[in-house]
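Here's the structure we're looking at; comments come further down.
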Number of protein chains: 2
Amino acid sequence: MKKGTRRTPTTDAVEIIRRRYYEGRPERIVGLAEAEANDTVARKICKLRKRAGLTQQQLAKRVGTTTSVISRLEDADYEGHSLAMLRRIASALNKRVELRFVSAGRTTKLA
Amino acid sequence: MKKGTRRTPTTDAVEIIRRRYYEGRPERIVGLAEAEANDTVARKICKLRKRAGLTQQQLAKRVGTTTSVISRLEDADYEGHSLAMLRRIASALNKRVELRFVSAGRTTKLA
DNA sequence: AGCAGATTTCGCAAAATTGCGAAAGTTGGA
DNA sequence: TCCAACTTTCGCAATTTTGCGAAATCTGCT
């Protein structure tokens with residue numbers, strides 16, 4: 001990569017698109033980020049809990065909180081998940097949170 | 001799985017261990033969760049940013065925040081990452097956050 | 001219908017994270 | 001060494017998430 005005078009020149013397609021769409025418009029990024037299905041995290045927690053054969057109350061006890069909190073976390077509209085809480089839940093189920101930044105659009109395949 | 005009278009009986013090793021160690025001791029779980037290398041998330045962000053050839057300031061602009069915030073997120077000792085912020089960062093780099101709850105200890109293999 | 005267990009919703013206080021600017025500290029090159 | 005760019009640290013306000021209990025809903029079963 002050459003050190004650009006103004007800015008690193010790019011031949012990267014996604015980078016070009018990004019510049020067109022988001023540069024100088026942080027709101028868009030924030031919006032995008034929010035919009036992107038958190039939904040999934042909520043469902044994951046829910047499925048995980050059910051798969052473990054636990055009620056919200058039982059999970060709450062293990063996590064060290066209450067049912068209302070668990071319920072909130074499992075709510076598809078909830079957006080406020082913190083890594084800390086996700087980890088607590090994972091630990092309570094003998095799991096571990098794995099985080100990955102993958103190229104937009106692409107879905108990671110597991111072996 | 002049979003429906004247990006009191007509680008679902010288990011032959012699952014990790015589940016047995018979990019019961020011995022954590023049941024009724026939510027503090028332990030919280031502790032474990034905190035201890036578990038957040039470190040990694042910080043490094044991921046840092047590497048990701050550098051790989052994209054950006055300075056903290058440039059990333060900050062894209063994300064819609066300041067350098068001090070980025071610096072904090074990249075600090076290995078920082079534990080307060082929120083999914084919302086991680087997503088904003090991912091979006092700013094044309095990526096997406098993928099979250100997974102994997103069995104403790106096991107490392108996921110990619111295809 | 002009536003009951004017991006499970007989940008959701010409401011409200012508010014406490015705690016934690018983000019926002020932001022300024023100052024201090026680092027790093028690399030001229 | 002000096003300079004410019006980059007990163008880290010500090011403090012505090014603003015916003016957000018968690019904690020928690022009570023009441024309202026929902027579900028499945030008899």
Side-chain angles (χ1 to χ4, degrees), chain A residues 1-8 26-27 29-31 33-34 38-39 41-92 97 99, chain B residues 3-8 26-27 29-31 33-35 38-39 41-43 45-92 97 99:
Chain A
M1 219 195 266
K2 239 201 299 188
K3 226 192 239 177
T5 318
R6 338 206 155 122
R7 142 153 92 175
T8 308
E27 341 73 63
I29 291 188
V30 177
E34 283 172 10
N38 277 65
D39 176 301
V41 179
R43 279 188 216 162
K44 277 182 180 167
I45 295 175
C46 189
K47 286 180 185 170
L48 217 55
R49 173 177 64 78
K50 287 178 178 165
R51 223 176 282 155
L54 300 174
T55 64
Q56 292 186 334
Q57 192 173 60
Q58 294 174 309
L59 176 59
K61 185 182 173 189
R62 289 190 185 187
V63 170
T65 186
T66 60
T67 61
S68 59
V69 172
I70 300 297
S71 176
R72 188 161 49 196
L73 295 174
E74 291 184 359
D75 177 1
D77 292 331
Y78 185 66
E79 306 244 325
H81 306 270
S82 72
L83 252 198
M85 179 55 93
L86 293 178
R87 288 199 172 112
R88 284 169 60 187
I89 289 178
S91 294
V97 173
L99 199 58
Chain B
K3 229 193 238 177
T5 318
R6 339 208 152 122
R7 145 154 89 171
T8 308
E27 338 76 63
I29 291 187
V30 176
E34 282 172 11
N38 279 59
D39 175 300
V41 179
R43 279 188 214 162
I45 296 175
C46 189
K47 287 180 185 170
L48 217 56
R49 172 177 65 79
K50 288 179 178 164
R51 225 174 281 156
L54 299 174
T55 65
Q56 293 185 334
Q57 192 173 62
Q58 293 173 310
L59 177 57
K61 186 183 172 189
R62 290 190 184 186
V63 170
T65 186
T66 60
T67 62
S68 58
V69 173
I70 300 297
S71 177
R72 189 162 47 195
L73 295 174
E74 292 184 359
D75 177 1
D77 292 331
Y78 185 66
E79 306 243 327
H81 306 270
S82 72
L83 252 199
M85 179 55 93
L86 293 178
R87 289 200 171 111
R88 284 168 60 184
I89 289 178
S91 295
V97 173
L99 198 59

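Hydrogens, waters and symmetry mates play no part in the numbers below; they use all other heavy atoms, side chains included. Naming: A, B, ... by sequence-line order, numbering from 1 per chain.
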Rounded distance [0.5 Å steps], [atom1] in [X] versus [atom2] in [Y]:
{"X": "A:K44", "Y": "A:R51", "atom1": "NZ", "atom2": "CZ", "answer": "10.5 Å"}
{"X": "A:T66", "Y": "A:Q56", "atom1": "OG1", "atom2": "CD", "answer": "10.0 Å"}
{"X": "B:L59", "Y": "B:L48", "atom1": "CG", "atom2": "CG", "answer": "8.5 Å"}
{"X": "A:H81", "Y": "B:R87", "atom1": "NE2", "atom2": "CZ", "answer": "7.5 Å"}

In this structure, how many angstroms lie between the [atom2] atom of [N] and the [atom1] atom of [X], rounded?
{"X": "A:Q56", "N": "C:dA6", "atom1": "CD", "atom2": "P", "value": "10 Å"}
{"X": "A:K50", "N": "D:dT27", "atom1": "NZ", "atom2": "P", "value": "11 Å"}
{"X": "A:R72", "N": "C:dC12", "atom1": "CZ", "atom2": "P", "value": "14 Å"}
{"X": "A:K61", "N": "C:dA6", "atom1": "NZ", "atom2": "P", "value": "13 Å"}
{"X": "B:I70", "N": "C:dC20", "atom1": "CD1", "atom2": "P", "value": "12 Å"}
{"X": "B:L59", "N": "D:dC6", "atom1": "CG", "atom2": "P", "value": "13 Å"}
{"X": "B:L73", "N": "C:dC20", "atom1": "CG", "atom2": "P", "value": "14 Å"}
{"X": "B:D77", "N": "D:dT8", "atom1": "CG", "atom2": "C1'", "value": "13 Å"}

Does the side chain of [X] get closer than 4.0 angstrom to OP1 or OP2 of [N] through an N or O atom?
{"X": "A:T67", "N": "C:dT7", "result": "no"}
{"X": "B:Q57", "N": "D:dT7", "result": "no"}
{"X": "B:R88", "N": "C:dT17", "result": "no"}
{"X": "B:Y78", "N": "C:dT18", "result": "yes"}
{"X": "B:T66", "N": "C:dC20", "result": "no"}
{"X": "B:R49", "N": "D:dT7", "result": "yes"}

Check: Base, sugar-phosphate, or nothing for B:S82, non-hydrogen atoms under 4.0 angstrom?
Finding: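 Sugar-phosphate contact only.
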
Check: Checking all strands, does A:T55 fall into the base, sugar-phosphate, or nothing category for heavy-atom contacts under 4.0 angstrom?
Finding: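 Sugar-phosphate contact only.
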
Item checked: Presence of donor-acceptor pair under 3.5 Å, side chain of A:S68 and base of D:dG21 ->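 Result: at least one qualifying N/O pair found.
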
Note to self: Just so I know, are the side chains of B:I45 and B:L86 near enough to count as touching, which here means a heavy-atom distance under 4.5 Å?
What the structure shows: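 When only atoms from C-beta onward are counted, B:L86 and B:I45 do touch, with a gap below 4.5 Å.
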
